Amino acid sequence: MRKFLVVLDDSRECLNAMRFAAMRAANTGAGVQILSIIPPDEFQHWVGVGAIMREEARERIEAHYEVYAKWMRDRQNVEPELVIREGEAVPEILAQIRDDPAIGVLVLGAGSEKGGPGPLVSQLSKSAGSLPVPVTIVPGDMSKERLQEVT
């Protein structure tokens with residue numbers, strides 16, 4: 001089964017990326033894989049403290065994921081899959097795509113603030129021509145109604 005890979009983070013635009021991935025998956029019979037990446041700089045402490053912080057980060061991610069997963073199950077009849085990786089965001093996204101050949105599309109949310117579309121969209125769009133899968137960039141301020149129309 002083909003999967004839409006969507007990145008879970010704390011950005012506002014993440015919500016629309018999640019909605020788009022779930023709606024497209026529901027409409028095409030695909031799956032959704034939600035990837036969350038724990039940055040390495042969060043654990044530059046003593047071993048014991050780093051392990052506790054890593055576990056707390058995983059618990060926060062799982063709680064955040066469950067909110068999206070419940071909506072996907074209840075509203076779109078899609079059962080998402082959570083993957084948590086540690087490292088730098090772009091290399092980990094590319095590694096996940098390489099590790100799971102069922103991933104067919106990467107879905108990213110673009111910020112609508114003055115600071116630009118966000119670091120992931122900026123970094124990945126620079127190398128879009130050599131990415132192993134197509135990238136769908138969802139505007140962060142797109143309405144739910146418009147998302148439904150385009151999915």
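Please read all numbers here as calculations on a predicted model, not as lab measurements.
Scanning all heavy atoms of the two residues, the minimum distance from I97 to I103 falls at CA-CD1, 4.0 Å. A17 approaches G109 most closely through the heavy-atom pair CB-N, 3.6 Å. The minimum heavy-atom distance between I37 and A89, with the atom names listed, is CD1-O, 3.5 Å. Residues P132 and L94 share a closest heavy-atom pair of CD-CD2, 4.3 Å. Closest approach of A25 to V32, counting heavy atoms only: CB-CG2, 3.6 Å. Closest approach of G104 to V133, counting heavy atoms only: O-CB, 3.6 Å.
When hydrophobic clusters are built by joining Ile, Leu, Val, Met, Phe, Trp and Tyr residues whose side-chain heavy atoms come closer than 4.5 Å, directly or via intermediates, L106 is not grouped with L15. Transitive grouping of hydrophobic side chains (ILVMFWY, heavy atoms separated by less than 4.5 Å) keeps V105 and V121 in distinct clusters. The hydrophobic cluster containing I34 also contains V138, counting ILVMFWY residues as joined when their side-chain heavy atoms lie under 4.5 angstrom apart, directly or transitively. Criterion: ILVMFWY side-chain heavy atoms under 4.5 Å apart, direct or through other members. Under it, L108 and L131 are part of a common hydrophobic cluster. A single hydrophobic cluster is not seen to contain both M142 and V135; linkage of ILVMFWY side chains at heavy-atom distances under 4.5 Å, directly or through other members, places them apart.
Just one residue in the list I93, V107, L124 forms a side-chain contact (heavy atoms from CB on, under 4.5 Å) with V7, and that residue is I93.
I38 contributes atom CD1, which lies 7.5 Å from atom CZ of R54 (distance to the nearest 0.5 angstrom). Note that CG of L8 is 11.0 Å distant from CD of E62, once rounded to the nearest 0.5 Å. Annotation: the span from E149 atom CD to S143 atom OG amounts to 7.0 Å, rounded to 0.5 Å. Rounding to the nearest 0.5 Å places CG of N16 at 12.5 Å from CZ of R146. Separating the CD1 atom in I61 from the CZ atom in R85 is a distance of 13.0 Å, to the nearest 0.5 Å. Expressed to the nearest 0.5 Å, how far CE of M23 lies from CE of M72 amounts to 10.0 Å.
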Taking it one step at a time, do E66 and L82 satisfy side chain to side chain contact (heavy atoms under 4.5 Å, CB included)? CA-CA 9 Å; E66 213 29 70; L82 175 63; over 6 Å; no
Between V6 and F20, does the side chain to side chain contact (heavy atoms under 4.5 Å, CB included) criterion hold? Intermediate values first, please. CA-CA 9 Å; V6 62; F20 180 90; over 6 Å; no
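The list of ring-ring contact (aromatic ring centres under 6.0 Å, His included) pairs with a residue in residues 63-96, not counting sequence neighbours, reads H64-Y68. Applying the salt bridge (charged side-chain N to carboxylate O under 4.0 Å, His left out) test to residues at least two apart or on different chains, the pairs with a partner in residues 3-24 are K3-E81, K3-D100, R12-E113.
Put simply, the side chain of E86 does not reach to within 4.5 Å of the side chain of P40, judged on heavy atoms. At a threshold of 4.5 Å between non-hydrogen side-chain atoms, the residues F4 and T28 count as touching.
For CG of N77, the number of neighbouring non-hydrogen atoms (other residues, nucleotides, ligands) closer than 6.0 Å is 12 at most.
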